[in-house]
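Okay, so here's the structure we're looking at.
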Protein chains: 2
Amino acid sequence: MDLIKELGALALATRLKRLGEKLQKDASRIYGLFSVEFEGKWFALLYALNEHSPMGVTELADYLQLTHPAINQVSVEMEKAGLLKSTANPRDRRQRLLQLSDKGKNLCRSLEPLWSEIAAATEELVAESGVDLLSVLGKIEDSLDNEDIFTRVKKKNRSLICDKIGIIDYKPGLKKHFESLNREWLDEYFDIEPEDEKVLSDPNRHVIKPGGFILFARFNGKIIGTTAVKKHEGDIYELTKMGVTREYRGCYAGRKLTSKALEKLREMGVKKVVLQTSKKLKTAIKLYESFGFKRDTCDAPWAYGYSRETITMSLDL
Amino acid sequence: MDLIKELGALALATRLKRLGEKLQKDASRIYGLFSVEFEGKWFALLYALNEHSPMGVTELADYLQLTHPAINQVSVEMEKAGLLKSTANPRDRRQRLLQLSDKGKNLCRSLEPLWSEIAAATEELVAESGVDLLSVLGKIEDSLDNEDIFTRVKKKNRSLICDKIGIIDYKPGLKKHFESLNREWLDEYFDIEPEDEKVLSDPNRHVIKPGGFILFARFNGKIIGTTAVKKHEGDIYELTKMGVTREYRGCYAGRKLTSKALEKLREMGVKKVVLQTSKKLKTAIKLYESFGFKRDTCDAPWAYGYSRETITMSLDL
DNA sequence: ATTATATATGTAAGTACTTACGTAATAAGG
DNA sequence: CCTTATTACGTAAGTACTTACATATATAAT
């Protein structure tokens, strides 16, 4: 009769939401039963401010695991209802400090017995299932924090995804992908420096024309990763600007890109590849090491002097 | 750190919703990972139509436990996306029969492996908690169907609520309450007949002026119930038109109203009360019996000939 | 002291639904 | 057969949030 129940684990999400909504609706009906003028969505904010006040909007958003616009909207409503008042923080005039008004405190006091009743009835309900749902929920939340469903599914299918990743050459139409893929990891770990900006804004001029090349990883028609090989003076070839978009990291796209780049270099008769990376990029370093790259002990005169701390590696082909 | 977690049973609803939303978001990301153009909210409809087709909008709404506007909106979207087509039912031209298009069926086929993966990963996640969450959820849903939180809290506090219910006399301003309270149960169990309409539209003329009275039950300033006593020819007094609004049923408001009515009749020196009710109204009959009312075996010439089947009762004061 | 960057907040619009209400077609009752 | 429900569906607006974006202030870096 009820498809969502029949679907089991596949529709767990819908079922959890549905149950949660039912419980919230019941709570609202209980407020109505006792003629307390109170909306369910005010609960978290009222409770939080009753415990700990004053608090800023963002601070509350963090505490209540909501977005700051949510807090902003609810706080405006509650202020209109006379339940709280906000004052600018004199030490930081950006901040709006929220605290309960007397009316808000009184409301809290009249709600407390209802909250006890709701909590007690909920505990009773849960107890009927014979399982400590709260702790089960806690465990699931922790497991999910540790590794969410997306990551689990990706991990299980990484080889399958990898098999379907194709490596293609640079075309002018792909310039924007070269730029955005690299900006993604640069923004994540470093500041973008003029040298980065130069290469990203005109890869044809700064990579391909001097005798290098650029590769892209494509999956299901989507460009998901890239890498470049730059030619320096003295026939030095540098592996650089490798990036894989976040959602596809861990699917061996970087490995496939590097492998193809090295293959191309071998075909070109190149005998040695160098690269510059950073200690921060641990997965990258591991990847390079797996291809046989070793950290340079001697000087690397080809290396660009980025502000970010770098290490250089090289591999004899 | 996280207030919602700290609050335990009181914030169970929020937590369940939050977890459900997280799982749904992950599912969407997985569709994106495999470049399937599919929105999470389409899932239920697509799945249902793949299993069983064609189906009407309302039929699907029942099956998926959603409202029919939800199905309507999603179906319009999915039709735009070419995933389903709708045809008017030739036997009932109100009905729009939905079925998957070839594109929809193909999409289903390409989604099936993803659904397996999602289900497997979810099962794995749940298994880590060491508890069969699905069956726990089922039990909780059943418990809730049996008696929801609202009813539990109301039951626990019925005496407390009852103590605060006051009985007040008719005032012209309360006419609309007399009408709506009675319409509530009449609509629920019967058709409203001309006799009902007459009394409800002008209680002053048809109840009070002939020598009867009307009482109201008030809780926290809200009118939650009513009853009337009509005087018939030959000093016959009839208890009638008793109704308590749904949310407050089970809090002894009817008992209090009846008790007060009988008390007033005794004060008036009345020796016998009669009433007319229906087999359908089991709680009402029980209530009357608890006051000593007995089913009439002989004729009740005062009784109005409602179309609905009635039984008459009487009590010697 | 400037300039750049980050932070705290506000605002608009979107999302996945819901409730409330309106309309056309069918079924039921007289 | 005609009137009156009832049913199936559609539409509009509301809800409890979210994301995306704008703005003012504060802090850090030069």
Side-chain angles (χ1 to χ4, degrees), chain A residues 4 13-18 20-25 27-29 38-45 54-79 86-98 187 190-194 307, chain B residues 4 13-18 20-25 27-29 38-45 54-79 86-98 187 190-194 307:
Chain A
I4 299 303
T14 309
R15 237 165 124 186
L16 290 169
K17 270 182 66 184
R18 191 182 280 178
E21 272 155 21
K22 166 72 181 144
L23 292 175
Q24 284 189 339
K25 210 167 277 180
S28 290
R29 286 175 71 199
F38 181 68
E39 293 192 36
K41 65 176 158 177
W42 295 350
F43 169 72
L45 191 47
M55 283 177 94
V57 172
T58 319
E59 200 179 352
L60 280 158
D62 286 347
Y63 188 41
L64 302 176
Q65 307 253 75
L66 290 165
T67 57
H68 81 266
I71 303 295
N72 182 50
Q73 287 157 22
V74 172
S75 75
V76 167
E77 257 182 60
M78 288 177 71
E79 199 164 7
S86 58
T87 46
N89 184 348
R91 288 203 194 81
D92 181 347
R93 284 180 318 182
R94 289 171 304 181
Q95 201 180 29
R96 186 160 67 95
L97 289 173
L98 303 178
D187 277 339
F190 310 106
D191 291 332
I192 291 174
E193 301 186 25
S307 305
Chain B
I4 300 303
T14 310
R15 238 167 123 185
L16 289 169
K17 269 183 66 184
R18 193 181 278 176
E21 273 155 19
K22 165 75 181 139
L23 292 176
Q24 283 189 340
K25 211 168 276 179
S28 290
R29 286 175 71 200
F38 181 68
E39 293 191 37
K41 66 175 156 177
W42 295 349
F43 169 72
L45 192 46
M55 281 176 96
V57 172
T58 320
E59 200 180 354
L60 280 158
D62 286 347
Y63 189 40
L64 303 176
Q65 305 253 76
L66 290 165
T67 56
H68 81 265
I71 304 296
N72 181 50
Q73 286 157 23
V74 172
S75 74
V76 167
E77 259 184 57
M78 288 177 71
E79 198 164 6
S86 58
T87 46
N89 184 348
R91 286 201 197 82
D92 181 347
R93 283 180 320 183
R94 289 170 305 180
Q95 200 180 30
R96 187 160 65 95
L97 288 173
L98 302 178
D187 277 339
F190 310 105
D191 291 331
I192 292 175
E193 302 185 26
S307 305

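None of the values given here were measured: they were computed from a predicted structure. Lettering of chains follows the sequences in order, A, B, ..., and the numbering in each one begins at 1.
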[atom1] of [X] versus [atom2] of [N]: gap in Å, rounded?
{"X": "A:Arg18", "N": "C:dC17", "atom1": "CZ", "atom2": "P", "answer": "10 Å"}
{"X": "B:Leu64", "N": "C:dT18", "atom1": "CG", "atom2": "C1'", "answer": "16 Å"}
{"X": "A:Asn89", "N": "C:dT7", "atom1": "CG", "atom2": "P", "answer": "17 Å"}
{"X": "B:Arg91", "N": "C:dA27", "atom1": "CZ", "atom2": "C1'", "answer": "17 Å"}
{"X": "A:Tyr63", "N": "C:dA8", "atom1": "OH", "atom2": "C1'", "answer": "20 Å"}
{"X": "A:Leu98", "N": "C:dA8", "atom1": "CG", "atom2": "C1'", "answer": "12 Å"}
{"X": "A:Glu77", "N": "D:dA16", "atom1": "CD", "atom2": "P", "answer": "8 Å"}
{"X": "B:Glu39", "N": "C:dC17", "atom1": "CD", "atom2": "P", "answer": "11 Å"}

Within the 4.0 Å heavy-atom criterion, would you say B:Ile71 contacts the bases, only the backbone, or no part of the nucleic acid?
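No contact.
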Quick one: does any side-chain atom of B:Gln24 pair with a main-chain N or O of B:Gly40 as donor and acceptor, under 3.5 Å?
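No, B:Gln24 side chain to B:Gly40 backbone: no donor-acceptor pair under 3.5 Å.
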Let's see if you can work this out: which of D:dC17, C:dA16, C:dT19 has an atom nearest to the side-chain heavy atoms of B:Lys41?
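Closest nucleotide to the B:Lys41 side chain: C:dA16.
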Show which side-chain atoms of residues 57-69 of chain B pair as donor or acceptor with protein atoms under 3.5 Å away, not counting sequence neighbours.
residue, atom, partner, partner atom, Å
B:Glu59, OE1, B:Gly56, N, 3.0
B:Gln65, NE2, A:Asp2, OD2, 2.9

Identify the two heavy atoms, one from A:Gly20 and one from B:Leu16, that lie closest to each other, and give their separation to 0.1 Å.
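Heavy atoms only, the tightest pair is CA-CB, 4.0 Å.
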Answer yes or no: is there a side-chain heavy-atom contact under 4.5 Å between [X] and [Y]?
{"X": "B:Arg96", "Y": "B:Asn72", "result": "yes"}
{"X": "B:Val74", "Y": "B:Met78", "result": "yes"}
{"X": "A:Lys25", "Y": "A:Glu21", "result": "no"}

Restricting both atoms to N or O, compile the protein contacts to nucleotides 7-13 of chain D shorter than 3.5 Å, with distance only.
residue, atom, partner, partner atom, Å
D:dT7, O2, B:Arg94, NH1, 2.5
D:dC9, OP1, B:Val57, N, 3.3
D:dC9, OP1, B:Arg96, N, 2.9
D:dC9, OP1, B:Arg96, O, 3.4
D:dC9, OP2, B:Val57, N, 3.1
D:dC9, OP2, B:Thr58, N, 2.6
D:dC9, OP2, B:Thr58, OG1, 2.5
D:dG10, OP1, B:Arg96, NE, 2.4
D:dG10, OP1, B:Arg96, NH2, 3.4
D:dG10, OP2, B:Asn72, OD1, 2.4
D:dG10, OP2, B:Arg96, NE, 3.4
D:dG10, OP2, B:Arg96, NH2, 3.0
D:dG10, O5', B:Asn72, OD1, 3.4
D:dG10, N7, B:His68, NE2, 2.9
D:dG10, O6, B:His68, NE2, 2.9

